[in-house]
K.L.:
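This is the structure, below, for whatever I ask next.
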Amino acid sequence: MYVVVNYTRKLQTLAFNLGPSCYRQGVTGVSITSQDRKSKQNFSCFRWTHLITLVHQYSTRIYNSKACQVPVDLVDKLERLALVDFRNQEGLACLEKAIRFADQLHVVDTDGVDPMDSVLEERALYLREDAVAEGNCAEELLQLSKNTVEEYFVAPPGNIPLPKREERAAMLKHSEI
Amino acid sequence: MLSLSIREVSLALREGRISPTELCRKCLNRIKKTHYLNAYITVTEELALKQAQEAESRLLKGAPKGPLDGIPFAVKDNFCTENIKTTCASKMLKDYTPPYSATVVQKLLDQGAVLMGKTNLDEFAMGAGSTDSAFGPVRNPWSYAAPYREQTGTEMDSDWVITGGSSGGSAAAVASLTSFLALGSDTGGSTRNPGALCGVVALKPTYGLVSRHGLVPLVNSMDVPGIITRSVHDAATVLDILQGHDVKDSTTITHNPSTLTHLFEDFDVRNICVGIPKEYHAPGLSQETLAQWSRVADMFERAGARVEQVSLPHTQHSIVCYHVLCHTEVASNMARFDGLEYGHRSGIDSSTEAMYSTTRHEGFNDVVRGRILSGNYFLLRQNYEHYFVKAQQVRRLIAEDFKRVFSSGVDVLLTPTTLSDAMRYTDFMQEDNRTRSAQEDIFTQPVNMAGLPAVSVPTALSNRGLPIGLQLIGPALQDRKLLTVAQWIEQKVGFPPIRYLGDAGEGEMGEEVHEREQTSVV
C-alpha cells in the first residue's frame, strides 16, 4: 500500500512539473476521497492508470499547442503595440480563451494551399486617372479635431515611451475620473 | 399604411392617396411611440420633414425621381452621414459629425428617399445581439407583439427578447414599421442575423457589388452594406439603386454582366436545383428551425425543383477562421482611432503614446478592446504564420468548397440563418460577447468569407411567437437569381405581418393589403 501510494505521489509530482499552471490545477484537482480509500487494491491500480493517461494527455497537449497562459512580458508588449489595456484579469482570460479557440485551426491540413487575401483576387484593380478630383476641405477636417492651431493638428510630445505597467494603471485610473 | 411594402406605398404616393409629408409624420409618430425599443440613436426629424416637403413638390409636378421618392428609410449608425452625428454606438465617436455622406446613403438621398434617423447597433458592429452599445441594447419589436405577449402574459419589461446583431436597430426599425427600408452592414451575418430574428428580409449582396465608401470599416475583406426590407421585391429595387462601381471604393467591381436586378419574370421553379449542405445541421440547432428548414425543402421538392444534399466539408472550421481574420483586421482598422484628428480625445497631454492609450481606454468598450488585443496577438511576428496565414489558407478552402458546389449544378443553397428564434435578453447576457458571436454567426459567416450573396427570408413564427428565418446562398454576382428564388419562398410560406394586442387602425389595413400582395401574380 505504502509503495503504491508513493508511486502515485511521484506521478503527481511529475505531472505537476511538466505542464503550465492551468494544467497543474487539473492534476492536483484529482484528489483522493474517503470513498476511494475503501477499495484500496482496485482503487490504487485505477488511480495509477488514470494518472498515466492524464499525464500523457497533458504532455501531448503541451507538445502541440502553445501555453494557454500569456506571460506578463507579452501582456505588456501587446498593450504597448495595441495602445489598449487589458483592464483586468477578465480581459486577460478573454484573450486566453480566444487563443485556445483559434488553436482549433491547426487540425486543418493546408499543405500547398495559397493564403487568400481577397475574394476579388482574380480581378485587376481599377486605377483611375491621376488627376485631382476633389479636396480643398482643410477647414472642415480641422473642425473635427479637439485641438488645432492654424492648419495643424496639435499632438502632445512624441518619442516618449509609454510608462511602465504600474504607472500606466494609475494614469488610466486618473483618466477615468 | 405603414406596413405596406415600398412598391405599394410608392404607388399610393403617386396616386395621391397619401402625401410624403403625411407619411413622414406617421413614421415619426411611430418612432416616438416605439422609443422603448431603443432602435434609433439619432432621429433626424427636421431634416426628414424637409426632405418629405421636397418629395411632395416633386410629386405634385408629376416628376418623382424614382421608386424610392418620398420613402422613409433608416441607416445604421456606422455609415457616415453629412452633418448628422455618426457614433458607431461608441464613446469614441459620440460627438463625431462627418463632413461627407457614405456613397450608399447619398445614392438613396439622391433618389428622394427621406432619412428618418440613424439606428442603434453593437459597438463598432462587433456583436451578435445589439446588446453592447454605448446607448443601450435594442429590443425586438416582436417582444411586444400579440403572439409573444399572448404566450408570456403581459409581464412587460423583464422578458423582452433581443433583435440579434449587429444591425439590430435597422432590423427593429423596419420590423416596427417606422421605416420602409434600412441599411445595415454585414461582416459575419450582421444584417441577416437580426433580419431573421425580427422577421424581415435581409440581403447581403455579393462582395464588391455595393460601395463601402463611408462605412466605418470592420473587416475590409468581408464587409458589405446590407439591405433590410419587408419584402424581397423591395430588396431588389434597393439593390438596383445601390449597386455599381464607385471610384472612391477600390474594392467595387467595375464590370458586372447582369446590371438589371428586376427579378426574373418567367421563373420556373422546376428548373432549379436547391442544395442542402449537410454540415449546417449543427449542434444547437433548434427543433423548430430544423422543422422550417425541412418544410421549405419539401416545398421545393413538391413543386418540382431538384433538392439535393451537398457537402461543404470545411464548414466546422469556418467560425474559427472567421474569428482569427476578424480580430486581426479589426486590430488594424481600429488603429485609426487615436483622438488626434477626430473623435474622443482624453485630457492626458504628457506624451502622444499616453494620450493615445488613455483615449482608447476611455473610448472603446471591453468587446472592442478584447478584439484589438487578440488581433494584435495573432499578428505578432512569432504568431503570424501560425494563425493569420493559416486562417487565410483555410479561407481559401472554404471559398473553394462553395465554388465546387455551385459548379456541380446547384443553383442556390438553403440553410437556416440562426440556431433558434430570438433569445431573451437575460438569457443572452449569460455568456460573453465572444462566445455568443461564435455561436450565433455559425451559419452566416462562411458566406462572408467567400464573398457570396445571401438573403434571409422570414418563414414562420415559432411556438413562442417569434420569427424564424431561412437563408439562401447564391453564387457570386447572381444576386438577381437568388432574389427570384427568395421571392418564390416568400410567396409560398405566408409569413404573418406584425400584429400588436389591440392594434386596430394601421395594423388591420396593412394586413389586408399584405394578403393581396402575396396572392397576386408577380
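Order of the sequence lines sets the chain letters (A, B, ...), proteins ahead of strands, with each chain counted from 1.
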K.L.:
Write down the atom of N220(B), the atom of N333(B), and the distance for their closest heavy-atom approach.
P.N.:
OD1-ND2, 2.6 Å
K.L.:
Taking all heavy atoms of R212(B) and all of D223(B), pick out the closest pair and write down the distance.
P.N.:
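In terms of heavy atoms, the two residues are closest at CD-O, 3.1 Å.
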K.L.:
Please determine, among A438(B), G347(B), S357(B), the option with the most heavy-atom pairs under 4.5 Å with chain A.
P.N.:
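Maximum pair count with chain A is reached by S357(B).
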K.L.:
Could you look at T359(B) and say if it's the side chain, the backbone, both or neither that has a heavy atom under 4.5 Å from chain A?
P.N.:
neither
K.L.:
Below 4.5 Å from any heavy atom of chain B, which atoms of L74(A) appear? Answer side chain, backbone, both or neither.
P.N.:
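Interface part for L74(A): side chain.
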K.L.:
Students often mix this up, so state it plainly: with edges at 30° and 60°, are the rings of F378(B) and Y387(B) parallel, tilted or perpendicular?
P.N.:
tilted
K.L.:
What part of L78(A) gets within 4.5 angstrom of chain B, counting heavy atoms only: side chain, backbone, both, or neither?
P.N.:
both
K.L.:
With only heavy atoms counted, which part of I319(B) is less than 4.5 Å from chain A, the side chain, the backbone, both or neither?
P.N.:
both
K.L.:
So which of G370(B), S221(B), A354(B) has the biggest tally of heavy-atom pairs under 4.5 Å with chain A?
P.N.:
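Of the options given, most contacts go to A354(B).
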K.L.:
Please test N365(B) against F124(B) for side chain to side chain contact (heavy atoms under 4.5 Å, CB included), starting from the C-alpha separation and ending with a verdict.
P.N.:
CA-CA 10 Å; N365(B) 72 359; F124(B) 281 112; over 6 Å; no
K.L.:
So which part of E129(A) gets closer than 4.5 Å to some heavy atom of chain B, the side chain, the backbone, both or neither?
P.N.:
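Neither part.
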K.L.:
Using a 4.5 angstrom heavy-atom cutoff, name the option from Q104(A), K97(A), H106(A), E121(A) with the most pairs to chain B.
P.N.:
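Max contact count across the listed options: H106(A).
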K.L.:
So, are E362(B) and R345(B) salt-bridged, with charged N and O less than 4.0 Å apart?
P.N.:
no
K.L.:
Does any backbone or side-chain atom of D109(A) lie under 4.5 Å from a heavy atom of chain B? Answer side chain, backbone, both or neither.
P.N.:
backbone
K.L.:
Against chain A, label Y96(B) side chain, backbone, both or neither, depending on which of its atoms sit under 4.5 Å from a heavy atom there.
P.N.:
side chain
K.L.:
What part of M334(B) is in contact with chain A, defined as an atom under 4.5 angstrom from a non-hydrogen atom: side chain, backbone, both or neither?
P.N.:
neither
K.L.:
Go through the atoms of D366(B) and report whether side chain, backbone, both or neither lie under 4.5 Å from a heavy atom of chain A.
P.N.:
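Side chain of D366(B) only, per the 4.5 Å heavy-atom cut-off to chain A.
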K.L.:
Relative to chain A, which of E341(B), E400(B), M222(B), M449(B) shows the most heavy atom pairs under 4.5 Å?
P.N.:
E341(B)
K.L.:
For L105(A), which atoms come within 4.5 Å of any heavy atom of chain B: side chain, backbone, both, or neither?
P.N.:
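For L105(A), the contact with chain B is made by backbone and side chain together.
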K.L.:
Test of understanding: with ring-ring contact (aromatic ring centres under 6.0 Å, His included), list the residues that count as partners of H245(B), not counting sequence neighbours.
P.N.:
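Checked H245(B) against ring-ring contact (aromatic ring centres under 6.0 Å, His included); matches are Y126(A).
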K.L.:
Which residue out of V389(B), I372(B), V324(B), V394(B) racks up the most heavy-atom pairs below 4.5 Å with chain A?
P.N.:
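So the answer, after comparing V389(B), I372(B), V324(B), V394(B), is V394(B).
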K.L.:
Using heavy-atom distances under 4.5 Å, tell me whether A391(B) contacts chain A through its side chain, its backbone, both, or neither.
P.N.:
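Contact with chain A is through both the backbone and side chain of A391(B).
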K.L.:
Work out which heavy atom in T206(B) is nearest to a heavy atom in Q478(B); give both atom names and the distance.
P.N.:
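Here T206(B) and Q478(B) meet closest at OG1-N, 4.5 Å.
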K.L.:
Under a 4.5 Å heavy-atom cut-off, does chain B meet the side chain of F153(A), its backbone, both or neither?
P.N.:
side chain
K.L.:
Is the count of non-hydrogen atoms from other residues, nucleotides or ligands lying under 6.0 Å from K91(B) atom NZ greater than 12?
P.N.:
no
K.L.:
Both conditions, 6.0 Å and 45 degrees, for the charged tip of R434(B) above the ring of F101(A): are they met here?
P.N.:
yes
K.L.:
Does any heavy atom of chain B fall under 4.5 Å from the side chain of V75(A), the backbone, both, or neither of them?
P.N.:
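Neither part.
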K.L.:
Could you tell me whether D85(A) and R369(B) make a salt bridge, using a distance below 4.0 angstrom between a side-chain N and a carboxylate O?
P.N.:
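Yes, D85(A) and R369(B) are salt-bridged.
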